[in-house]
Amino acid sequence: MSNASKGKSAPSGLTFFEGAKRLEGIKKAEEYLRYNSERQDNPENHEWITNIAPYLSIVSYSSALPHPSITFRFTVQPIHGNGLNNLHGGCTATIFDNCTTLPLHLISRPGFWQYVGVSRTLNVTYLRPIPVGTTIDIKCDVLHAGRTLCALRGEMRTVTEYGREGPLLAVCEHGKASTDPPAEKL
């Protein structure tokens with residue numbers, strides 16, 4: 001039975017992509033953050049990203065090949081913490097999963113990473129604890145994007161009181177598989 005026949009709405013990812021069709025590049029990444037930030041106040045929404053997106057912002061980006069990238073800024077809130085008042089490891093992985101995916105919008109086009117795929121692997125190495133209240137930068141790069149598979153990389157660093165890059169906190173390797181239908185031939 002389909003979601004529509006049960007009285008449920010379409011999955012949020014499909015709703016986002018349908019609404020963001022007209023956007024390209026960094027505008028689509030910005031819209032993704034805005035869309036998920038607005039959904040935070042819906043009591044029926046239980047997706048993790050809606051508790052993360054309101055605290056994420058884009059600091060910089062580069063569409064330049066061969067490694068397009070986006071750098072995000074995030075301040076760890078109590079909702080993101082573990083019992084030791086540090087960023088929870090699962091939350092760290094969720095942030096990496098979402099943030100490393102967004103640079104794919106810089107190179108996507110119909111039939112090529114248009115729906116940004118699904119995760120195959122997500123390998124996170126935790127180097128230092130990240131206390132609640134810490135502001136971090138998350139730099140995310142597209143290392144390679146082929147027709148069906150891509151390799152992405154992310155790193156989290158503290159932001160010093162002067163806004164400079166601080167110590168490395170965690171790193172991520174993210175592999176994805178494309179879910180795009182074939183592009184229509186002209």
Side-chain angles (χ1 to χ4, degrees), residues 2-4 8-39 45 47-50 52-53 56-74 89-126 136-157 168-186:
S2 73
N3 283 339
K8 294 182 180 179
S9 60
S12 63
L14 293 178
T15 301
F16 166 75
F17 284 114
E18 187 61 32
K21 271 188 199 176
R22 70 193 187 291
L23 301 174
E24 294 180 359
I26 196 65
K27 295 293 184 197
K28 195 175 259 188
E30 291 168 342
E31 177 62 14
Y32 177 83
L33 294 179
R34 187 203 60 75
Y35 173 80
N36 283 298
S37 293
E38 288 179 355
R39 295 175 57 239
N45 181 8
E47 293 182 36
W48 285 31
I49 190 60
T50 58
I52 295 169
L56 272 171
S57 61
I58 295 173
V59 175
S60 64
Y61 75 97
S62 171
S63 298
L65 298 175
H67 305 294
S69 65
I70 301 177
T71 298
F72 301 88
R73 185 151 291 165
F74 179 77
C91 191
T92 303
T94 300
I95 292 167
F96 271 138
D97 184 11
N98 282 272
C99 288
T100 56
T101 296
L102 291 179
L104 286 170
H105 289 304
L106 301 175
I107 59 170
S108 69
R109 60 184 184 274
F112 185 77
W113 296 101
Q114 175 181 355
Y115 296 110
V116 297
V118 294
S119 296
R120 298 178 66 225
T121 59
L122 185 68
N123 182 26
V124 179
T125 302
Y126 304 90
I136 60 175
D137 278 351
I138 306 130
K139 184 174 189 311
C140 304
D141 302 290
V142 176
L143 299 178
H144 172 79
R147 187 175 51 82
T148 59
L149 301 175
C150 73
L152 311 167
R153 173 182 56 202
E155 63 177 46
M156 290 184 180
R157 293 181 177 271
L168 188 62
L169 305 168
V171 294
C172 168
E173 296 172 347
H174 189 184
K176 298 196 84 164
S178 178
T179 56
D180 287 3
E184 294 181 24
K185 299 196 180 201
L186 298 178

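The structure presented is a predicted model; accordingly, all values stated were derived computationally and were not measured.
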Scanning both residues in full, the closest heavy-atom pair of Thr92 with Ala170 reads CG2-CB, 4.3 Å

For a side chain to side chain contact (heavy atoms under 4.5 Å, CB included) check, start with the C-alpha distance between Ile136 and Phe72, then their side-chain angles and the critical distance, and finish with the verdict.
CA-CA 8 Å; Ile136 60 175; Phe72 301 88; over 6 Å; no

Ile138 and Leu56, any side-chain heavy atoms less than 4.5 Å apart
yes

Minimal non-hydrogen separation, Gln114 against Lys28, with atom names:
O-NZ, 4.3 Å

Kindly determine whether Ile58 and Glu30 satisfy side chain to side chain contact (heavy atoms under 4.5 Å, CB included), including the steps that lead there.
CA-CA 8 Å; Ile58 295 173; Glu30 291 168 342; 3.6 Å; yes

Any chance you could lay out the salt bridge (charged side-chain N to carboxylate O under 4.0 Å, His left out) test for Glu38 and Arg34, step after step, and finish with the verdict?
CA-CA 6 Å; Glu38 288 179 355; Arg34 187 203 60 75; 2.5 Å; yes

Testing the 3.5 Å rule here: is there a donor-acceptor pair between the side chains of His174 and Ser119?
yes

Got Arg147 and Ser178 here, is their nearest side-chain heavy-atom distance under 4.5 Å?
no

For Leu106 and Ser62, the nearest pair of non-hydrogen atoms, with its separation, is CD1-O, 3.5 Å

What do you reckon, is CZ of Arg153 surrounded by more than 12 foreign heavy atoms closer than 6.0 Å?
no

Which heavy atom in Pro103 sits nearest to a heavy atom in Pro68, and how many Å separate them?
CB-O, 4.2 Å

Rounded to the nearest 0.5 Å, what's the gap from CE on Met156 to CG on Leu168? Could you check?
10.5 Å

Distance check, rounded to the nearest 0.5 Å: Cys172 atom SG versus Ile95 atom CD1?
11.0 Å

CD1 on Ile49 to CG on Asn98, rounded to 0.5 Å:
3.5 Å

Minimal heavy-atom distance between Phe96 and Gly154, with the atoms involved, is CE2-C, 3.5 Å

In sequence, state the C-alpha distance, the side-chain angles, and the governing distance for Asp137 and Arg73, and then conclude on salt bridge (charged side-chain N to carboxylate O under 4.0 Å, His left out).
CA-CA 5 Å; Asp137 278 351; Arg73 185 151 291 165; 2.7 Å; yes

Checking side chain to side chain contact (heavy atoms under 4.5 Å, CB included) for the pair Cys150/Leu104: CA distance, chi angles, key distance, verdict?
CA-CA 9 Å; Cys150 73; Leu104 286 170; 4.1 Å; yes

Indicate yes or no: at least one non-hydrogen side-chain atom of Leu169 is less than 4.5 angstrom from one of Tyr126.
no

Would you check if the side chain of Asp180 reaches a backbone N or O of Tyr115 as a donor-acceptor pair within less than 3.5 Å?
yes

Backbone N/O of Val142 and side chain of His67: donor-acceptor pair under 3.5 Å:
yes

To check you understand the geometry: which heavy-atom pair defines the closest contact between Cys91 and Ile52, and what is its length?
SG-CD1, 3.9 Å

Any donor-acceptor pair under 3.5 Å from Lys176 side chain to Val116 backbone:
yes

Between the CD atom in Glu24 and the OG atom in Ser108, the distance rounded to the nearest 0.5 Å is 8.0 Å

What distance separates Ile107 CD1 from Leu65 CG, expressed to the nearest 0.5 Å?
7.5 Å

Donor-acceptor pair, distance only, cut-off 3.5 Å: does the side chain of Tyr61 make one with the backbone of Thr71?
no

Ignoring hydrogens and angles, tell me if any N or O in the side chain of Trp113 forms a donor-acceptor pair with the backbone of Thr148 under 3.5 Å.
no

I need the Leu152 CG to Glu173 CD distance, nearest 0.5 Å.
10.5 Å

